[in-house]
Trainee: 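Sharing a structure, written as structure tokens. Questions coming.
Protein chains get the first letters and strands the later ones, always in sequence-line order, with residue 1 at the start of each. Remember, predicted model here, so these are calculated numbers, not experimental data.
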Amino acid sequence: MAKREFLGGFELLVLLALIRLGDEAYGVPISEAIEESSGKEVALGSVYITLERLEQKGFVSSRLGEPTAERGGRAKTYFRITARGLREVRQARRTLMNLWQGVPQLQGGAV
Amino acid sequence: MRGTSPPRLAAWLFERLASGPNRESLGGDLAEQYRRGRSSAWYWRQVLMALWASTTQDIAHHKLTAIRAVVVSWMFLIPWIFFTGWLYGSTKFWVMETLIRGSVRWHDFWVIYAAPLLITWCLGSALIGWVVARLEPDCRAGMLFVCAVSQLLFAIQWGAPAWRLANAGLPFFASFPVMVNLAAVFFMMPVSLWLGGLLAARRRPSTDTSGPLRAT
């Protein structure tokens, strides 16, 4: 069996947020998307570290925007998922779905 | 009423200690969120979490640099501790006879609390922080952290006998100076190291002002 690295839980959340946000994804909307769906506060620093790691793996690409006064003269870094990243998310989904099936504790909404 | 500028100290710490290729963008995101109404507590929390993340990333990605920083800090710390200890010990009686001359307050300061020795150790620690921050400008937080942690070895070596002494059933007036000594080596020396590092660290110039740099 081929040896490959699995996506971490937070990496998967970040990639899913990137897919939802499209080309306008940068730190703030990414963290807000994860916060809204998880109900937990997200550390922006962790989002950026995860994005850097995903970029090193080739799952994400980035470009710099223009600096704005609202941000104290700092530019946004926009991120988007690459074709390789998208394949990885699909693979992660398949793996999760396979594991999900047939587990009685996870059927329905009851805990 | 809350201003639009984020808490100054938190922003100052972030500017001087945060690292990583997206440091400027992260700083911009924090400023943007604060302007949109996030609280000062939220800003502080985010800065501290970002700095902790920077610290761990610095250490993970610069292991050899971390070893070098620890070696440099100990190359300075050991001679400094020995020299100041020798100087303090060899001048103590001369100071008591010529400068203190029966003043109880100065005697306590100089002899009981060994304050000059502790102050020079803290100054030495601050200088180490300054040197390390200057040597490793791209990963200051991580390098200062490993140096501060490595200094705990000295603190334990110095502090363990002092701790036993403080817990030997001595009356409060006798054990209190020992506790002050312990606080100095365990707390004030690492704090001095961080302060030295922060003073050495200039605000890094923005790297995000020239439009797209990375390919999409």
Trainee: Within a radius of less than 6.0 Å around CG of B:Leu64, do more than 12 heavy atoms belonging to other residues, nucleotides or ligands occur?
Mentor: no
Trainee: Starting at CD1 of A:Ile49, measure out to OG1 of B:Thr56 and round the result to the nearest 0.5 Å.
Mentor: 5.5 Å
Trainee: Quick one: pull up CD in B:Gln57 and OG in A:Ser46 and give me the separation to the nearest 0.5 Å.
Mentor: 9.5 Å
Trainee: Distance from A:Leu44 atom CG to B:Trp42 atom CH2, nearest 0.5 Å?
Mentor: 5.0 Å
Trainee: Inspect the surroundings of CZ in B:Phe83 and state if more than 12 heavy atoms from other residues, nucleotides or ligands are less than 6.0 Å away.
Mentor: no
Trainee: Within a strict 4.5 Å, meaning less than it, do heavy atoms of the A:Arg74 and B:Arg23 side chains meet?
Mentor: no
Trainee: Do B:Glu24 and A:Arg71 sit within salt-bridge range, that is, some charged N less than 4.0 Å from a carboxylate O?
Mentor: no
Trainee: Which bit of A:Val47 comes within less than 4.5 Å of chain B, counting heavy atoms only: side chain, backbone, both or neither?
Mentor: neither
Trainee: Name the member of B:Ala50, B:Ala31, B:Ser54 that forms the most heavy-atom pairs with chain A at distances under 4.5 Å.
Mentor: B:Ala31
Trainee: Contact between B:Ser25 and A:Lys76 at the side-chain level, heavy atoms closer than 4.5 Å - yes or no?
Mentor: no
Trainee: Please report the C-alpha distance between A:Tyr26 and B:Glu32 in whole Å, then the side-chain angles of each, then the deciding distance to 0.1 Å, and finally whether the side-chain hydrogen bond (donor to acceptor under 3.5 Å, both in side chains) criterion is met.
Mentor: CA-CA 12 Å; A:Tyr26 66 100; B:Glu32 182 185 324; 2.6 Å; yes
